Amino acid sequence: MIIFLETLGCSRNQVDSEIMLGKLLAAGHSITDDPHLAQVIIVNTCGFISTASDEAVDVILEMAELKKTGICKRLIATGCLAQRYKDDKNLVSTLPEVDAFLGTAAIDRIVEAVENDNVRPLLFFPDPNKRPFQDLSEQRELTTNFLAYIKVSEGCNRKCTYCIIPQLRGSQRSRPLDDICKEAEKLVKKGVKEIILTAENTTDYGQDFQDETRLEHVLASLATTLEKEHAKANTWIRFLYTHPETLSAPIIKAVKNHKNICSYYDVPIQHAASTILKKMGRPYTREDLYVLFNTIRKIDPRAALRTTLIVGFPGESEDDFKLLLAFIKDIRFDHLGVFTYSDSDDLKSHLLKNHVPSNIAQKRHDLLMAAQAEISVSKNEKLVGKTFEVLIEENPEQGVYIGRTRFQAPEVDGVTFIYANGLEIGTFVKVIVTDAFEYDIAGEIA
């Protein structure tokens, strides 16, 4: 069978998709990047917030049209959207075009879902808490040859009132350290130039262990292994989705002590008003956040800081928002993303009082992004004339390449434009910055 797989949502979903693709290839199926050529279409969905669910449904319906006009015979929905609505009696009737629904712990059943056309619809929803870690002896088909994500854990033990993830992916289960390092070595041998550690909260790694193994041990072990045994590979190590409560000094020191770990700290704080943080179920205060970011910059002066915020959370007053705005102006993040609060009746936050009208939430979103744009362009202007190592990722037109520096994560941050010819995708080059924009920078080969 010829199969097309569309991945929506986060990096954890991307890993799941690559594992599914590996299983399908091992079973003798072929993969296409054109859905019009596919006999089976798989949509690995996101269901974290309402806009993500809406997008997932739209994509499913778009792909369903190919069952009418193309050669597609089977449409499969996997991932968080399917898991979130597994108990909804209207799931099947709402999306009758879908031939199989697989939950977040059902990726091991993907071959069966593709090949079994006798039962319709197939419904596979194993308990996420019993999901095994990936088998390293099995093939994983990377969707990007020079970049790969590694999950350090599955699930989450946090109880944020706005978040459904623990219900979708189960409680936290940290992978063995050796398992993570072995996977990284396999990826480097394949030519991967950037390894990105991911999880629901990477810095919560090891909280479920009996021993004291934590993320700093993963970082140090991984960095040391690659420095000693794969020094010529020149591979970057990056980690995303940290939690302010568990982003500790030992982790920051591990980053500082190893040159192959990017000094890049993705710290989704969600808000900076202590009253709102408490309502969100976030176990820290505004004062704690000031201490955290000052500590990062003190230990690791090279640090690039990124955060994610939610505005319009139930009960957010104008004063709360002003505290948040003042905070981002004080800290001056290198990168920042903002979401407006997404409500749903299966969230604890749905029951909170004083929901913020959507127009006010959107206005606050726009004010934050305008403030961040000023901060971002100011920071980028200071980079002009400096030279950075850049990983080349795209060649959109003659004489122009797109890449990223160590302080730019894929998908979520700005990029570096390089004016050059003859560069190779997936390689590192030295670039001197010549231009600064609101979120991006540009330069020439140094």
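Keep in mind it's a predicted model, so treat the numbers as computed, not measured. Numbers here are sequence positions counted from 1.
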Set of side-chain hydrogen bond (donor to acceptor under 3.5 Å, both in side chains) partners for [X], sequence neighbours left out:
X: Gln398; answer: Asn421
X: Asp413; answer: Tyr264, Arg306
X: Tyr401; answer: none
X: Lys279; answer: none

Measuring from atom CD1 of Ile392 to atom CZ of Phe146, what distance do you get when rounded to the nearest 0.5 angstrom? 9.5 Å
[X] versus [Y]: any side-chain heavy-atom pair under 4.5 Å?
X: Thr161; Y: Leu347; value: no
X: Leu147; Y: Pro410; value: yes
X: Glu394; Y: Val415; value: no
X: Gln362; Y: Asp366; value: yes
X: Leu21; Y: Leu5; value: yes
X: Leu336; Y: Ser376; value: no
X: Ser248; Y: Glu216; value: yes
X: Asp204; Y: Gln172; value: yes

Below 4.0 angstrom, N of the basic side chain to O of the carboxylate: do [X] and [Y] qualify?
X: Lys259; Y: Glu227; value: no
X: Arg12; Y: Glu154; value: no
X: Glu245; Y: Arg158; value: yes
X: Glu97; Y: Lys67; value: no
X: Arg238; Y: Asp266; value: no
X: Asp334; Y: Lys379; value: yes
X: Glu138; Y: Lys23; value: yes

Look at the side chain of [X] and the backbone N and O of [Y], then say whether any donor-acceptor pair between them is shorter than 3.5 Å.
X: Thr285; Y: Ser274; value: no
X: Asp300; Y: Ile296; value: no
X: Ser263; Y: Ala303; value: no
X: His217; Y: Arg214; value: yes

Say whether [X] and [Y], considering side chains only, have a donor N or O and an acceptor N or O under 3.5 Å apart.
X: Thr143; Y: Glu18; result: yes
X: Thr203; Y: Thr246; result: yes
X: Thr405; Y: Thr416; result: no
X: His335; Y: Gln408; result: no
X: Asp34; Y: His36; result: yes

Tell me which pairs pass salt bridge (charged side-chain N to carboxylate O under 4.0 Å, His left out) where either residue lies in residues 336-346, with sequence neighbours left out. Arg84-Asp346
Scan residues 44-61 for pairs that pass salt bridge (charged side-chain N to carboxylate O under 4.0 Å, His left out), counting only residues two or more places apart or in two chains. none
Results of salt bridge (Lys or Arg N to Asp or Glu O under 4.0 Å) for Glu183 - residues two or more places apart only: Arg140, Arg175
Applying ring-ring contact (aromatic ring centres under 6.0 Å, His included) to Phe293 and not counting sequence neighbours gives Phe333
With sequence neighbours left out, write down each residue that passes ring-ring contact (aromatic ring centres under 6.0 Å, His included) with Phe313, or none if nothing qualifies. Tyr341
Report the C-alpha distance between Ser342 and Ser50 in whole Å, list the side-chain angles of each, state the deciding distance to 0.1 Å, and finish with yes or no for side-chain hydrogen bond (donor to acceptor under 3.5 Å, both in side chains). CA-CA 6 Å; Ser342 178; Ser50 60; 2.8 Å; yes
For [X] and [Y], which heavy atoms make the closest approach, and how far apart are they?
X: Arg282; Y: Pro244; result: NH2-CD, 3.7 Å
X: Asn395; Y: Ile425; result: N-CD1, 3.9 Å
X: Ala38; Y: Ile3; result: CB-C, 4.2 Å

Considering only residues two or more places apart or on different chains, which pairs with a residue in residues 434-446 satisfy side-chain hydrogen bond (donor to acceptor under 3.5 Å, both in side chains)? none
Contacts satisfying side-chain hydrogen bond (donor to acceptor under 3.5 Å, both in side chains) that involve residues 317-332 (not counting sequence neighbours) are Thr275-Asp320, Tyr290-Asp330, Ser317-Asp320, Glu318-Arg364, Arg332-Ser378
Kindly list each side-chain donor-acceptor pair under 3.5 angstrom involving residues 380-391, sequence neighbours excluded, with atom names and distances?
| from | atom 1 | to | atom 2 | distance (Å) |
| --- | --- | --- | --- | --- |
| Asn380 | ND2 | Phe437 | O | 3.1 |
| Glu389 | OE1 | Trp236 | NE1 | 3.1 |
| Glu389 | OE2 | Asn234 | ND2 | 3.0 |

Should Thr7 and Asn44 be marked as a side-chain hydrogen bond (donor to acceptor under 3.5 Å, both in side chains) after you check the CA-CA gap, both sets of side-chain angles, and the distance that decides it? CA-CA 5 Å; Thr7 302; Asn44 193 8; 4.9 Å; no
Considering residues, nucleotides and ligands other than [X], do more than 12 of their heavy atoms fall under 6.0 Å from its [atom1]?
X: Lys159; atom1: NZ; answer: no
X: Glu374; atom1: CD; answer: no
X: Phe339; atom1: CZ; answer: no
X: Glu424; atom1: CD; answer: no
X: Asn294; atom1: CG; answer: yes

Given Ile2, Leu75, Ile76, the one that forms side chain to side chain contact (heavy atoms under 4.5 Å, CB included) with Ile41: Leu75
Decide yes or no on side-chain hydrogen bond (donor to acceptor under 3.5 Å, both in side chains) for Glu316 and His271, but give the supporting numbers first. CA-CA 10 Å; Glu316 182 189 54; His271 213 281; 2.7 Å; yes
